[in-house]
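Some notes on the structure that comes next.
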Amino acid sequence: MSATKVMIPFVFLLLLQQLIKQVIRVYVFNQLFNYQWQICNQLKYNIKEFNFQNFEPSKALFLFFCKLFNKIRKHVRRTEIKEALLSENFELEMNVKGWVRTKRASKNVAFIALNDGSTIHNLQLVVDLEKIPEEALALMHTSAAVSATGHLVPSAGSGQRVELSVNSIELLGEANPDEYPLQPKKHSLEFLREKAHLRFRTNTFGAVSRIRHAMIFAIHKFFNDKGFYNIHTPIITASDAEGAGEMFQVTTLKLDNLPLNEQKEIDFKQDFFGRSANLTVSGQLEAELAALALSKVYTFGPTFRAENSNTSRHLAEFWMIEPEVAFFDIHDDMDLAEEMLKYLIRYALENCKDDLNFLSKRLEEEEKNKKADEKSMELISKLNFVLENPFERITYTEAIDILKNSNHNKKGKFSYPIEKWGADLQSEHERYLVEKHFRKPVILTDYPKDIKAFYMKQNDDGTTVRAMDVLFPGIGEIIGGSQREERYDKLLQRMEEMHVEPEGLWWYLETRKFGTVPHAGFGLGFERLMLFVTGMGNIRDVIPFPRTPQNCEF
RNA sequence: UCCUUCUUAGCUCAGUUGGUUAGAGCAUCUGACUGUUAAUCAGAGGGUCGCUGGUUCAAGUCCAGCAGAGGGAGCCA
């Protein structure tokens, strides 16, 4: 009896103690943790302003709390490596998680380069092998996932400012080196394409991925800041008259048992939409509808072309930005295109320095065996060069004259000699204009109407249309756009001439009947922009999972 | 789709006018090393030379077909 009498208050006290500990942990120390930076900053402030007066006691108090906090707190929250590398928190324990890039070990100390994708730079983990047995690191090969806790310290080595002196380390996921295909060395981009599921873990693809995000974000920011509205145009479309290329068909019909109508043709009435449908090749026509009410709109969505194109500049699935603006003529359109490209390049230079520096060095390394005149301009200089110089604007007719009178043409160096006005320019001609003659981006306008789409505004000369193509060095056409034909009769006439069925586009034509106004827009291939900004050579290396003919892996 | 080049170890690549048992660096494993930067040093294991057929005493090497990849062209963004 007396034993239980003694036990009751004892248990009660024990519970109370636990409760108090919990309260202290949750409230007091979490507060301290959350405000550690304010405290640090306050201390620094004290150093500067009060010349060390009041500093020592508060520093001592701070360090005391840090020590106490390190002992009591059970869970150390993860710090991203990008933040850790800039941190000056040398007092509180820090936890980092990521994937091993390389491990180097000697008798007493091991080094692990850890990366978590937040930056191209690695955090060096320093493991004292007297404190942590080597066996604990045995499975931490390249690409193993690791969680490490320790104190950030100024680096004793010379390769980095800070490093993490590890107190405890845990293997989160191993990567068996006998099976894991990537090594801490340079792989060919072709090989990495076959390992697209793992290539995010390489420096190059990490850098490209971060820049890709920055460009996506900057595009939305650019348009938002200018008062444009983003429009989601349909991905599945029934109109096949856009003339932008071969389309992928979308159907729920059983392909091994297609229903036929009385004319023995496939009966699309039985298909999901009651008619034949395709994946979009362009959001332009729908974007025009929105622009003729909202004034300034843009689309940024996936685009699909079933062309059997096998080049370093083409994808079957790519992303396209298509602004469309009411009351714009072709000159406003060119201004917008140039302003936008420069904005995006500037954004990359200002926000992706580390990644661009890496890609620049990579490119230099790759091209070091090339002859001087085959080498491309250093990446960052090239981007700055485009920023600083206005794009050259000439008409198709002027371009033909320049090409015709060029020494290159006279010496017969073109595979397709320039003979008569009216033919489409070949890649070699565009490249000559951009890379040899003007040596900067060129905007070509006023093309012959027969080589351009039906919706482009016809000039008064009766032979040309208000098209504009922006040509970039190394890439070719990065933007294709035009002022649109806003006159109902002219548009209808052009559709008939080019065998585009007006019935399927009745809705498009109606906008020319109800409050039609001059308007213009363009399409920017997002991956082609990425090629230019990253300096990569193949479009399959600037999109995570490229879709090309005979390739739909991942 | 056309032109062209390539395919050798897990990766990157040598391999001579066809001639013994096909090599190197990296990676892996073992050992050495007091702080490394894609660490270094020593050693070990690792190959149906893309596949199929042909020429030849003899084929990684020459020929044909097929497959895959790269570069260029066309189409375009």
Side-chain angles (χ1 to χ4, degrees), chain A residues 101-113 121-130 138 141-143 153 155-160 163 165 175-195 202-203 242-246 281-284 300-322 337 365 414-416 424-431 451-453 469-472 475-481 522-532 537-541 543 548-551 553:
Chain A
R101 282 295 170 79
T102 58
K103 182 178 72 172
R104 301 174 287 274
S106 59
K107 198 175 182 182
N108 297 326
V109 63
F111 301 94
I112 291 174
H121 301 296
N122 303 324
L123 177 66
Q124 173 153 282
L125 309 181
V126 184
V127 184
D128 183 348
L129 296 176
E130 284 175 4
H141 291 105
T142 297
S143 224
V153 294
S155 179
S158 59
Q160 54 281 315
E163 60 193 16
S165 173
N176 184 347
D178 292 334
E179 294 170 40
Y180 183 70
L182 306 188
Q183 295 153 32
K185 64 167 230 171
K186 222 171 157 182
H187 286 289
S188 69
L189 293 169
E190 293 83 15
F191 173 72
L192 291 174
R193 253 170 246 159
E194 290 167 19
K195 314 281 177 214
T202 63
N203 283 330
E242 293 165 31
E246 291 293 313
V281 290
S282 163
Q284 180 202 316
F300 186 0
T303 309
F304 308 88
R305 304 265 169 99
E307 302 287 350
N308 192 12
S309 353
N310 229 306
T311 81
S312 54
R313 304 183 308 281
H314 288 87
L315 291 165
E317 177 185 289
F318 64 101
W319 291 72
M320 189 152 66
I321 299 109
E322 295 177 288
E365 186 72 16
F414 286 126
S415 323
Y416 297 86
D424 208 352
L425 297 178
Q426 305 290 320
S427 287
E428 58 173 346
H429 304 140
E430 295 181 349
R431 270 212 309 277
I451 58 171
K452 288 290 179 183
D469 284 2
V470 182
L471 310 178
F472 260 35
I475 290 158
E477 187 180 342
I478 194 168
I479 280 180
F522 61 79
L524 166 68
F526 180 62
E527 282 76 16
R528 289 198 180 167
L529 171 79
M530 282 295 298
L531 281 179
F532 187 75
N538 194 310
I539 203 160
R540 290 161 205 165
D541 299 323
I543 187 168
T548 51
Q550 301 299 311
N551 185 3
E553 194 68 53

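Within every chain, numbering begins at 1; the chains are lettered A, B, ... in the order of the sequence lines, protein sequences first and strands thereafter.
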Can you tell me if [X] touches the phosphate of [N], counting only side-chain N or O atoms and a distance under 4.0 Å to OP1 or OP2?
X         : N      : value
Arg528(A) : C76(B) : no
Ser427(A) : G74(B) : yes
Ser309(A) : C76(B) : no
Thr102(A) : A38(B) : no
Arg313(A) : C75(B) : no
Asn310(A) : G72(B) : no
Arg540(A) : G70(B) : yes

Sugar-phosphate only, base, or nothing, as touched by [X] at under 4.0 Å among non-hydrogen atoms:
X         : answer
Phe472(A) : nothing
Glu317(A) : nothing
Ser155(A) : base

Whole angstrom value for the distance that separates [atom2] of [N] from [atom1] of [X]:
X         : N      : atom1 : atom2 : value
Gln160(A) : G35(B) : CD    : C1'   : 10 Å
Gln426(A) : C76(B) : CD    : P     : 11 Å
Phe318(A) : C75(B) : CZ    : C1'   : 12 Å

Could you please name the option among [options] that lies closest to any side-chain atom of [X]?
X         : options                : answer
Glu190(A) : A77(B), G70(B), A73(B) : G70(B)
Arg193(A) : A77(B), U36(B), G70(B) : G70(B)
Thr311(A) : C75(B), U36(B), G35(B) : C75(B)
Ser312(A) : U36(B), C76(B), G72(B) : G72(B)

**Message:** Suppose you measure atom C1' in A69(B) against the same atom in A32(B); what distance do you get, rounded to whole Å?
**Reply:** 43 Å
